[in-house]
Undergrad: 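Dumping the structure here so I can ask a few things about it.
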Amino acid sequence: MASFLIGICLLFIQPQLVPSRPTINTKTYTSFNPFNEEQSKKATVEGTGRDVVHLNATRQYLPHTIIIGVRKGGTRALLEMLSLHSDIAAAENEIHFFDWEKQYQQGLKWYLSQMPFSYPHQLTVEKTPAYFTSLEVPERIHRMNSTIKLLLILRDPIERVLSDYTQVFYNHKQKNKTYPPVEELLLKNNELNTDYKAINRSLYEHYMEHWLKYFPLENIHIVDGDSLIRDPFPEMQKVEQFLNLSPQINASNFYFNKTKGFYCLRDGGRDRCLHESKGRAHPQISTFLLGKLRDYFYEPNKKFFELVGRTLDWL
């Protein structure tokens with residue numbers, strides 16, 4: 001009898017379970033996962049043994065959308081801004097599942113294990129910028145989910161080349177290693193060095209053609225990375241619409257940091273900026289090199305605009 005009474009007391013004083021991550025608002029969600037029930041079932045990889053449900057009703061899902069690139073196009077900024085929305089659950093790291101053979105060979109069970117725990121109404125997002133320029137990736141993603149929504153953020157190809165160079169330059173500098181000046185790498189005998197990897201990564205039309213063999217254009221939303229830098233709110237409104245999200249992100253979520261020279265985020269009274277490695281000043285280049293770059297990218301840019309049916313401010 002005494003044991004029975006003790007058990008009853010413990011039942012009433014047991015602390016309430018509180019979800020640790022992610023937290024959600026108590027409002028009713030009208031914006032629901034844009035995928036149907038069958039796709040949601042697939043998103044947990046049936047039969048893998050990874051369909052674990054936490055006590056707070058969260059579980060891991062394969063991504064409903066992927067930020068596929070491009071390197072130095074603003075993928076981290078896009079992911080951070082998208083994470084302002086309470087219906088988004090974002091993977092913290094670049095997973096490189098579809099472009100690194102060692103990762104891919106571990107299978108969807110491993111890929112699923114890299115995803116955040118999320119609520120059923122949330123969309124899981126991962127970003128790996130190298131996906132866009134990796135030729136094997138479109139077919140692999142299509143094999144996983146042929147109707148997945150893809151986000152592609154692009155900048156002026158010349159700005160992207162200089163940003164790419166800047167990152168590699170500082171990576172070397174942090175390791176006390178030297179790195180050639182930008183013009184030494186981009187020019188050979190007064191001609192553009194088209195073998196330089198950063199230049200090849202900016203030939204968007206070449207890679208876009210390949211992606212369109214596997215996904216219709218309506219499944220790929222192109223984010224204007226230059227506009228995102230100048231005025232992030234309108235670009236994020238378009239992303240919300242593409243993902244069928246309720247309009248939660250607003251202009252008050254962004255403020256211009258004069259010290260850093262770019263927009264930072266304000267989320268629930270908490271201010272945060274991107275890492276100091278973001279937004280670094282690009283090297284100054286000569287008008288001669290700038291002219292060479294403009295001439296080189298002019299036709300590829302035109303072909304890209306024809307492919308996607310829109311024009312960006314790159315010409």
Undergrad: Measure the shortest side-chain to side-chain distance between Asp226 and Leu312 over non-hydrogen atoms and say whether it is less than 4.5 angstrom.
TA: no
Undergrad: Salt bridge or not between Arg266 and Asp271? Use side-chain N to carboxylate O under 4.0 Å.
TA: yes
Undergrad: State plainly whether one hydrophobic cluster holds both Phe132 and Leu307, where clusters connect Ile, Leu, Val, Met, Phe, Trp and Tyr through side-chain heavy atoms under 4.5 angstrom apart.
TA: yes
Undergrad: Strictly distance-based, threshold 3.5 Å: is any side-chain N or O of Ser83 a donor or acceptor partner for the main-chain N or O of Leu79?
TA: yes
Undergrad: Measuring only between side-chain heavy atoms, which start at C-beta, is Tyr119 closer than 4.5 Å to Asp87?
TA: no
Undergrad: Where do Ile141 and Phe215 come nearest, in terms of heavy atoms and distance?
TA: CG2-CZ, 3.7 Å
Undergrad: Under the criterion salt bridge (charged side-chain N to carboxylate O under 4.0 Å, His left out), I'd like the reasoning laid out for Lys302 against Glu205: C-alpha separation, chi angles, the key distance, then a yes or no.
TA: CA-CA 9 Å; Lys302 284 182 65 176; Glu205 56 92 16; over 6 Å; no
Undergrad: Okay, side chain of Asn93, backbone of Ile95: is any donor-acceptor separation there less than 3.5 Å?
TA: no
Undergrad: Between Lys149 and His64, is there a donor-acceptor pair closer than 3.5 Å when you use the side chain of the first and the backbone of the second?
TA: no
Undergrad: Please walk me through it: do Thr65 and Leu150 pass side chain to side chain contact (heavy atoms under 4.5 Å, CB included)?
TA: CA-CA 5 Å; Thr65 187; Leu150 304 171; 5.7 Å; no
Undergrad: Decide whether Ile158 and Phe169 are clustered together by the hydrophobic rule: side chain heavy atoms of Ile, Leu, Val, Met, Phe, Trp, Tyr closer than 4.5 Å, transitively.
TA: yes
Undergrad: Check step by step if ring-ring contact (aromatic ring centres under 6.0 Å, His included) holds for Tyr179 and Tyr170.
TA: CA-CA 9 Å; Tyr179 197 65; Tyr170 276 97; over 10 Å; no
Undergrad: Measure the shortest side-chain to side-chain distance between Gln114 and Phe97 over non-hydrogen atoms and say whether it is less than 4.5 angstrom.
TA: no
Undergrad: Going by ring-ring contact (aromatic ring centres under 6.0 Å, His included), name the residues that satisfy it together with Phe254, two or more places apart in sequence or in a different chain.
TA: none
Undergrad: Quick one: closest heavy-atom pair of Gly73 and Ile153, and the distance?
TA: O-CG1, 3.3 Å
Undergrad: May I ask you to say whether Lys213 pairs ionically with Glu209, meaning some side-chain N is under 4.0 Å from a carboxylate O?
TA: no
Undergrad: Verify whether one side chain among Ser227 and Arg230 offers a donor that lies under 3.5 Å from an acceptor in the other.
TA: yes
Undergrad: Within the distance-only criterion (no hydrogens, no angle test), does the side chain of Asn200 pair as donor or acceptor with the backbone N or O of Lys197 below 3.5 angstrom?
TA: no
Undergrad: List the steps, then state whether ring-ring contact (aromatic ring centres under 6.0 Å, His included) holds for Tyr165 with Tyr196.
TA: CA-CA 10 Å; Tyr165 168 85; Tyr196 185 49; 7.3 Å; no
Undergrad: Ring centres of Tyr204 and Trp314 under 6.0 Å apart?
TA: yes
Undergrad: Applying the 4.5 Å side-chain criterion to the ILVMFWY set and letting contacts propagate, would Phe288 and Val161 be lumped into a single cluster?
TA: yes
Undergrad: Any side-chain heavy atom of Asn145 sitting closer than 4.5 Å to one from Leu62?
TA: no
Undergrad: So among Lys72, Arg71, Arg155, which one has a salt bridge (charged side-chain N to carboxylate O under 4.0 Å, His left out) with Asp164?
TA: Arg71
Undergrad: Report yes if the side chains of Leu203 and Tyr296 come closer than 4.5 Å at any heavy-atom pair, otherwise no.
TA: yes
Undergrad: Hey, are Thr133 and Arg201 close enough side-chain-wise for a donor-acceptor pair under 3.5 Å?
TA: no
Undergrad: Within 45 degrees of the axis of the six-membered ring of Phe117 and under 6.0 Å from its centre: does Arg59 put its NZ or CZ there?
TA: no
Undergrad: Contact between Val125 and Ile67 at the side-chain level, heavy atoms closer than 4.5 Å - yes or no?
TA: yes
Undergrad: Would you indicate whether the side-chain heavy atoms of His85 and Ser246 approach each other to under 4.5 Å?
TA: yes
Undergrad: Looking at Pro283 and Thr166, what are the two nearest heavy atoms and their distance?
TA: CD-OG1, 3.2 Å
Undergrad: Any side-chain donor paired with an acceptor under 3.5 Å for Glu126 and Thr128?
TA: yes
Undergrad: Taking His210 for the side chain and His206 for the main chain, is one N or O donor matched with an acceptor at less than 3.5 Å?
TA: no
Undergrad: Is the backbone N or O of Leu84 less than 3.5 Å from a side-chain atom of Asp267, with the two atoms forming a donor-acceptor pair by type?
TA: no
Undergrad: Quick check: does any side chain N or O of Ser113 sit under 3.5 Å from a backbone N or O of Trp110, one acting as donor and the other as acceptor?
TA: yes
Undergrad: For residues Pro216 and Leu212, report the shortest heavy-atom separation together with the two atoms involved.
TA: C-CD2, 4.3 Å
Undergrad: Is a side-chain N or O of Asn189 found less than 3.5 angstrom from the main chain of Glu191, in a donor-acceptor match?
TA: no
Undergrad: Before you tell me yes or no, could you show the steps for Ser118 and Gln60 under side-chain hydrogen bond (donor to acceptor under 3.5 Å, both in side chains), namely the whole-Å CA-CA distance, both residues' side-chain angles and the distance that decides it to 0.1 Å?
TA: CA-CA 6 Å; Ser118 60; Gln60 289 168 300; over 6 Å; no
Undergrad: Does any donor atom in the side chain of Ser86 or Gln248 lie under 3.5 Å from an acceptor atom in the other side chain?
TA: yes
Undergrad: If you measure from CG on Leu217 to CZ on Arg310, what distance do you get to the nearest 0.5 Å?
TA: 9.5 Å
Undergrad: By the definition ring-ring contact (aromatic ring centres under 6.0 Å, His included), identify the one residue from Tyr104, Trp100, Phe98 that meets it with Tyr111.
TA: Phe98
Undergrad: Kindly give the heavy-atom pair with the smallest separation between Ser286 and Glu183, and that separation in Å.
TA: N-OE2, 2.6 Å
Undergrad: Just so I know, are the side chains of Ile68 and Trp211 near enough to count as touching, which here means a heavy-atom distance under 4.5 Å?
TA: yes
Undergrad: Regarding Gln105 and Glu101, is there a side-chain donor-to-acceptor distance under 3.5 Å anywhere?
TA: yes
Undergrad: Closest approach of Asn193 and Leu185, non-hydrogen atoms and distance?
TA: ND2-O, 2.9 Å
Undergrad: Ion pair present between Lys303 and Glu306, side-chain N to carboxylate O less than 4.0 angstrom?
TA: no
Undergrad: Checking Ser146 side chain against His142 main chain: does a donor-acceptor pair fall under 3.5 Å?
TA: no
Undergrad: Glu240 side chain to Ile249 main-chain N or O, any donor-acceptor pair under 3.5 Å?
TA: yes
